[in-house]
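Right, one structure below, let's go through it.
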Amino acid sequence: MFARLRSSAPVTPVITPEGVRVWLVTRYEDVRAALADPRLAKDWVTHMTPEDFDINVDPVQAYLDQHMLNLDPPDHTRLRRLVVKAFTPRRTAGLRPRILDITAGLVDAMADGPDETELIEAFAFPLSVTVICELIGIPVGDRESFREWSDTLLSSRGTREETRAAAVAMYEYFTHLVAERRRSSADDLLSALIAARDSGDSLTEHELLSMMFLLLVAGHETMLNLIAGGVLALLTHPAELRRLRDDRSLLPSAVEELLRYANPLNHATERFTLEPVTIGGATIPAKEWVMLATSSANRDPSRFAEADRLDVGRDAAGHVGFGHGIHYCLGAPLARIEGEIAFGALLSRFPALALAVPESSLRWRSSSLIHGLENLPVRLR
């Protein structure tokens, strides 16, 4: 479908599963340029009215959504600068030994279990959520609650009541956690964010709550879907799987290629036009939603030769899996470390890893944003 759109209608209005009209952009050149175009705004609370949405927006979810990914300069600039002070390269690099420990424990448990296992339940989800929970400072024992809330908020099928209940539960949880950290700090990202200062400025309570929401959902969802989708891609491309097993020096390039090829996200989070904007020859009126299909851009043959072919040795630099411009993913270095460790461990421990069911029987999550499997049954031996 994306190939047809890139060829015949690279910028075209579509209707989302929620019933909202958006302009879908599918070519690499257009998507990358639009990701950095200041005429495409993010702060819908400031610039949009309820009439602009065509849908009812829950106030609790709107409150949580006011994080830096949904803000424009100067607010975005201020928040990102504060977060960068807490989310340092040193903090990220320091997580490597712990990620290795978590990964080793999970593959040990899998090796001691039955020959067939569900890889998302046994590995992808517990690894991704444990790493982000420990980084932020969230009790890992609460991870199943986060999974349920995240699934509901990102689903295209959830009812308004279900979505609101998940948003309220997450809001109440983070309110309690932030208050607790203010009373007693710890060696975690939340405490660092509370302590972060820039010219006397700090994050407000609202900004802390919405930042926790962003870090938790984006942090574990991207990795969960990269691991599961990446493993599926490798298992369905046995020659590339053998190539990676035989040459582990390819792991860094393989992670970039799997981000490009498997695409944990279908598209970037929505933007809207502040004024009429021409993209790819199409003029989009003011106050219109724009959806940048990064998954289509990453498969555009005008940018990546034989774009529909998996190549673990490819130089996939320039892929837009982490976005581009001022909203480029802050967690990209952590995701790369986690991806290399996760894929390396699975390849080393389970040389005969294979799908346990036909690929056609696998189910994908109902979400316009998330490109993720519901299940991935595999044989280990």
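These numbers come from a predicted model, not from an experiment. Note: hydrogens, waters and symmetry copies are ignored here, and every other heavy atom, side chains too, is used.
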Donor-acceptor pair between Arg39 and Thr273 side chains, under 3.5 angstrom: no
Inter-residue atom distance Arg21.CZ - Met291.CE, 0.5 Å rounding: 13.0 Å
Listed partners of Asp308 passing salt bridge (charged side-chain N to carboxylate O under 4.0 Å, His left out), at least two apart: Arg299
Kindly say whether Pro358 contributes a backbone atom to a donor-acceptor pair with the side chain of Ser361 at under 3.5 angstrom? yes
Go through the steps to decide whether Glu207 and Arg78 satisfy the test salt bridge (Lys or Arg N to Asp or Glu O under 4.0 Å), and finish with yes or no. CA-CA 11 Å; Glu207 290 164 349; Arg78 178 182 66 85; 2.3 Å; yes
Would you mind listing the cluster partners of Val11? Hydrophobic ones only (ILVMFWY), side-chain contacts under 4.5 Å, chaining allowed. Trp23, Val25, Tyr28, Val31, Leu35, Leu40, Val277, Ile279, Ile284, Val290, Leu292, Phe304, Val320
Tell me which donor-acceptor pairs under 3.5 Å the side chains of residues 259-267 have, and how far apart each pair is, sequence neighbours excluded?
unit_1, atom_1, unit_2, atom_2, d
Arg260, NE, Glu257, OE1, 2.8
Arg260, NH1, Asn298, O, 2.7
Arg260, NH1, Ala307, O, 2.9
Arg260, NH2, Glu257, OE2, 3.0
Arg260, NH2, Ala307, O, 3.1
Arg260, NH2, Arg309, O, 3.3
Tyr261, OH, His237, NE2, 3.3
Asn263, OD1, Asn298, ND2, 2.8
Asn263, ND2, Arg260, O, 2.8
Asn266, ND2, Ser368, O, 3.0
Asn266, ND2, Ile370, O, 3.4
His267, NE2, Ser368, O, 3.2

Rounded to the nearest 0.5 Å, how far apart are CG of Leu82 and CE of Met211? 8.5 Å
Considering residues at least two apart in sequence or located in another chain, which fulfil the side-chain contact (heavy atoms from CB on, under 4.5 Å) criterion with Ala354? Arg379
Answer yes or no: is there a donor N or O on one side and an acceptor on the other, between the side chain of Asn225 and the main chain of Glu221, under 3.5 Å? yes
Give the C-alpha distance, both sets of side-chain angles, the deciding distance and a yes or no for side chain to side chain donor-acceptor pair (under 3.5 Å) between Ser348 and Arg248. CA-CA 10 Å; Ser348 296; Arg248 299 305 172 81; 2.7 Å; yes
Could you tell me whether a side-chain N or O of Ser191 sits under 3.5 Å from a main-chain N or O of Ala186, the two making a donor and an acceptor? yes
Any idea which heavy atoms bring Phe213 and Leu64 closest together, and the distance? CD2-O, 3.5 Å
If you measure from CD1 on Ile341 to CG on Leu346, what distance do you get to the nearest 0.5 Å? 12.0 Å
Without swapping roles, check the side chain of Asp115 against the backbone of Arg381 for a donor-acceptor pair under 3.5 Å. yes
Given side-chain contact (heavy atoms from CB on, under 4.5 Å), test Leu234 with Leu353 step by step and report yes or no. CA-CA 10 Å; Leu234 290 170; Leu353 188 68; over 6 Å; no
Which residues pass the salt bridge (charged side-chain N to carboxylate O under 4.0 Å, His left out) test with Arg91, sequence neighbours left out? none
I'd like to know if the side chain of Thr163 reaches the main chain of Leu153, judged simply by a donor and an acceptor atom lying under 3.5 Å from each other, with no hydrogens or angles considered. no
Determine, step by step, whether Arg271 and Asp72 satisfy the salt bridge (Lys or Arg N to Asp or Glu O under 4.0 Å) criterion, reporting the C-alpha distance in whole Å, the side-chain angles of both residues, the deciding distance to 0.1 Å, and the verdict. CA-CA 11 Å; Arg271 289 152 166 79; Asp72 306 308; over 6 Å; no
Could you work out, with side-chain hydrogen bond (donor to acceptor under 3.5 Å, both in side chains) as the rule, every residue matching Thr269, not counting sequence neighbours? Lys42
Residues passing the salt bridge (charged side-chain N to carboxylate O under 4.0 Å, His left out) test with Asp142, sequence neighbours excluded, are none
Would you call Leu209 and His67 a side-chain contact if the rule is heavy atoms closer than 4.5 Å? no
For Arg314 and Ser253, run side chain to side chain donor-acceptor pair (under 3.5 Å): C-alpha distance rounded to whole Å, both residues' side-chain angles, the deciding distance at 0.1 Å, then the answer. CA-CA 7 Å; Arg314 181 196 301 270; Ser253 66; over 6 Å; no
Taking 4.0 angstrom as the limit, do Glu240 and Arg243 come out as a salt bridge? yes
Stepwise side-chain contact (heavy atoms from CB on, under 4.5 Å) check, Leu208 with Arg182: CA-CA 11 Å; Leu208 281 167; Arg182 285 198 186 278; 3.1 Å; yes
Ser7 (side chain) donor-acceptor with Ala3 (main chain) under 3.5 angstrom: no
Check whether Arg181 reaches the backbone of Gly137 with its side chain - one donor and one acceptor, N or O, closer than 3.5 Å. yes
Are there more than 12 heavy atoms of other residues, nucleotides or ligands under 6.0 Å from atom CD of Glu29? no
Pairing residues for Glu116 by the side-chain hydrogen bond (donor to acceptor under 3.5 Å, both in side chains) criterion, not counting sequence neighbours: none
Main-chain N/O of Thr278 paired with Thr283 side-chain donor or acceptor, under 3.5 Å: no
Would you say Ser367's side chain and Leu369's backbone share a donor-acceptor pair under 3.5 angstrom? yes
Determine whether a donor-acceptor pair (N or O, by modelled atom type, separation under 3.5 Å) exists between the side chain of Ser184 and the backbone of Glu180. no
Side-chain donor/acceptor pairs under 3.5 Å, residues 100-110, sequence neighbours excluded:
unit_1, atom_1, unit_2, atom_2, d
Thr103, OG1, Ile99, O, 2.7
Asp108, OD1, Arg349, NH1, 2.5
Asp108, OD1, Arg349, NH2, 3.0

Kindly list each side-chain donor-acceptor pair under 3.5 angstrom involving residues 333-340, sequence neighbours excluded, with atom names and distances?
unit_1, atom_1, unit_2, atom_2, d
Arg336, NE, Glu256, OE2, 2.4
Arg336, NH2, Glu256, OE1, 3.4
Arg336, NH2, Tyr328, OH, 3.3

Give a yes or no on whether a salt bridge exists between Arg147 and Glu121, defined as a side-chain N under 4.0 angstrom from a carboxylate O. yes
Non-neighbouring partners of Asp30 that pass side-chain hydrogen bond (donor to acceptor under 3.5 Å, both in side chains), sequence neighbours left out: none
Could I get the full list of salt bridge (charged side-chain N to carboxylate O under 4.0 Å, His left out) partners for Arg363, not counting sequence neighbours? Glu374
